2 protein chains.
Amino acid sequence: MSGEPISAAAKGQRILLVEDDPNLGILLQDYLQLKGKYEVVLARDGEEGARQFSREKFDLCILDVMMPKKDGFTLGREIRKINPVIPIIFATAKTMIEDKSEAFTLGGDDYITKPFRIEELLLRINALLKRVNKQEKTPETETLDKFEIGDYLFDYTAQLIKKDDLQQKVSTKEAELLRLLCLKKNNVLTREEALISIWNDDNYFNGRSMDVFLSKLRKYLRDDPKVEIINVHGKGYKLIVN
Amino acid sequence: MSGEPISAAAKGQRILLVEDDPNLGILLQDYLQLKGKYEVVLARDGEEGARQFSREKFDLCILDVMMPKKDGFTLGREIRKINPVIPIIFATAKTMIEDKSEAFTLGGDDYITKPFRIEELLLRINALLKRVNKQEKTPETETLDKFEIGDYLFDYTAQLIKKDDLQQKVSTKEAELLRLLCLKKNNVLTREEALISIWNDDNYFNGRSMDVFLSKLRKYLRDDPKVEIINVHGKGYKLIVN
DNA sequence: GTTTCGTTTTAACAAATTTTAACAGAAATG
DNA sequence: CATTTCTGTTAAAATTTGTTAAAACGAAAC
């Protein structure tokens, strides 16, 4: 019966499940804990979900879209502000996908249409977590706030890049962009993803604007040859640290 | 019965078998474990197969094409996304081969038509695994990211080819193509496979575009006579390293 | 309300990457 | 050996990106 060797992906990873239907909620929670070996925290509406997310640490979120008090998309946006890389799965009715999805296909996000089969959900969870786990996690990035970039130390909140004893102030947009790059260190940050996350709109002109910021960031980081922001033509950018 | 020298191929290698007919499934599983000395995980439909694949490590997949929930070809594509080199054997009815096979003769893939003799299957498994195992696994290539090519060292993520102390930047497409060649070092990389993997479409023009990149790669690598990218007429290319 | 300063956007041009085109050479076909 | 198909190479066109400077914007100071 194929055994159940607990994969690397399932090492006590935590899922935030926000679902207003208590029956479905409990069912999912149980299934994911039993079959998926995940630790699942269940919140009964958007507000409670937001409260839980800001209180504890999670590796993935499952958000019902239709919820009282605060809908899933709004909650998703709030969560994205705090953590732009955590994978989110939106559970939505089929008709809803068309409209909003465009603006939300970023990140490591995924959709599942209600009603769904529970195995399908577990499948997607596994896939998303696997993808994220592949990206190296340097201990520094734990905070999502301070990043080591070669010889540099980048403090997102303070908007500072330090090297040796020199400090360089950076503007808000510069900091946001660099943060996204850091969060995806050695992986591709999509243009689209960055634009939507920072500018809320990935039109041509914002794209050009972003190019200007890329150029600035490269200037800040050019004293350490180990560090490089390379372009992935037609896709986006990679922050490389050798 | 040809003796039973446990080949190099059979050193605790793992096979994912996805087959919806439980009788046949169990039969195959038992046979391959006993006669083939492989560890065989059996999944009962496409979804379970995908779940298993994302959770554990395998050396080869056997996918039934006709399956409920998720057919074998779809599953194959998903698997290919995660691992572009794992050999897949599709078990299909005779009539089905014609249509879909075109787009799927990629990889180190193989077909077997139902009904088949079970020895036939084992034969093919051994052949495929032997082929894959022949491809040298230098410790560097373990990461699927850094490759030794003769005197060169190719870093896919950083998009760099190094030789001695010289560095050569390569573009994204160049890097992607070279990576595929490296993954199949000394074996054929099908044109079709490369095109679909990199361009998502193997039409004539993308093919011509790829020829241009081949030409460029040869230029980059021409300083080491041990290294060569040769054409296999009508099939594809081989990266040869003596 | 105006000035000032830092930030962001727009514009203009330069450079790199990818695609298309053109032609030449090999390999297969009959 | 003539013809067709496939491949190799080079150059050009098209697209995408890089960089710089000037214009527009917005918040704080005057």
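Residue numbering restarts at 1 for every chain, and letters A, B, ... go by the order of the sequence lines. Keep in mind it's a predicted model, so treat the numbers as computed, not measured.
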- Query: Among dT19(C), dT17(D), dA22(C), which is the nearest nucleotide to the side chain of Tyr237(A)?
  - Reply: dT17(D)
- Message: Without decimals, in angstroms, what is the distance between Lys235(B) NZ and dA27(C) C1'?
- Response: 13 Å
- Message: Looking at Lys226(B), I'd like to know if its NZ atom is crowded, meaning that more than 12 non-hydrogen atoms belonging to other residues, nucleotides or ligands lie closer than 6.0 Å.
- Response: yes
- Selected nucleotide, minimal atom distance to His233(B) side chain, candidates dC6(D), dT7(C), dT19(C): dC6(D)
- Item | Axial cation check for Tyr152(B) ring with Lys146(B), 6.0 Å and 45° limits | no
- Measure from the side-chain heavy atoms of Arg191(A) and tell me the nearest of dT7(D), dT17(C), dT17(D). dT17(D)
- Quickly work out the Lys169(A) NZ to dC5(C) P distance and round it to whole Å. 14 Å
- Note on the structure: note: Arg208(A), atom CZ; dA11(C), atom P; distance rounded to Å ~ 12 Å
- Closest approach of Val85(A) and Lys184(A), non-hydrogen atoms and distance? CG1-CE, 4.2 Å
- Query: Rounded to the nearest Å, what distance is computed from the CD atom of residue Glu192(B) to the P atom of nucleotide dT7(D)?
  - Reply: 12 Å
- Message: For a quick test of reading the model: is some side-chain N or O of Ser209(B) closer than 4.0 Å to OP1 or OP2 of dT20(C)?
- Response: no
- Message: Measuring from the side chain of Trp199(A) (C-beta onward, heavy atoms only), which nucleotide among dT20(C), dT8(C), dT9(C) has the closest atom?
- Response: dT9(C)
- Rounded interatomic separation in angstrom, taking CG from Asp202(A) and C1' from dT17(D): 16 Å
- Task: Please tell me which of the listed nucleotides, dT19(D), dT8(C), dT9(D), lies nearest to the side chain of Lys173(A)?
- Result: dT8(C)
- Given atom CD of Gln159(A) and atom P of dG6(C), what is their separation to the nearest angstrom? 15 Å
- Message: Taking the ring of Phe73(B) and the ring of Phe90(B), is the distance between their centroids below 6.0 Å?
- Response: yes
- Note on the structure: Met210(A) CE to dT9(C) P, in whole Å, measures 12 Å
- Item | Atom-pair distance (CZ on Phe205(A); P on dT17(D)), nearest Å | 16 Å
- Determine the minimum heavy-atom distance between Phe154(B) and Arg179(B), stating which atoms define it. CE2-N, 3.7 Å
- Item | For Gln159(B) against Ala175(B), the heavy-atom pair lying closest together | CG-CB, 4.0 Å
- Note on the structure: On DNA chain D, more 5' by nearest nucleotide between Asn231(A) and Leu214(B) is Leu214(B)
- Message: Side chains of Thr74(B) and Asp71(B) only: does a donor on one sit below 3.5 Å from an acceptor on the other?
- Response: yes
- So what does Gly234(A) touch, heavy atoms closer than 4.0 Å: a base, only the sugar-phosphate, or nothing? sugar-phosphate
- Message: For dT7(C) and Thr172(A) - does any side-chain N or O of the residue sit under 4.0 Å from the phosphate oxygens OP1/OP2?
- Response: no
- Output the single nucleotide from dA11(C), dT17(D), dT8(C) whose closest atom is nearest the side chain of Asp211(A). dT17(D)
- Query: Can you list, by residue number, the residues of residues 215-230 of chain A that have a non-hydrogen atom closer than 4.0 angstrom to DNA chain D?
  - Reply: Ser215(A), Arg218(A), Lys219(A)
- Run the salt-bridge test on Arg218(B) and Glu228(B) with the 4.0 Å N-O cut-off and return the result as yes or no. no
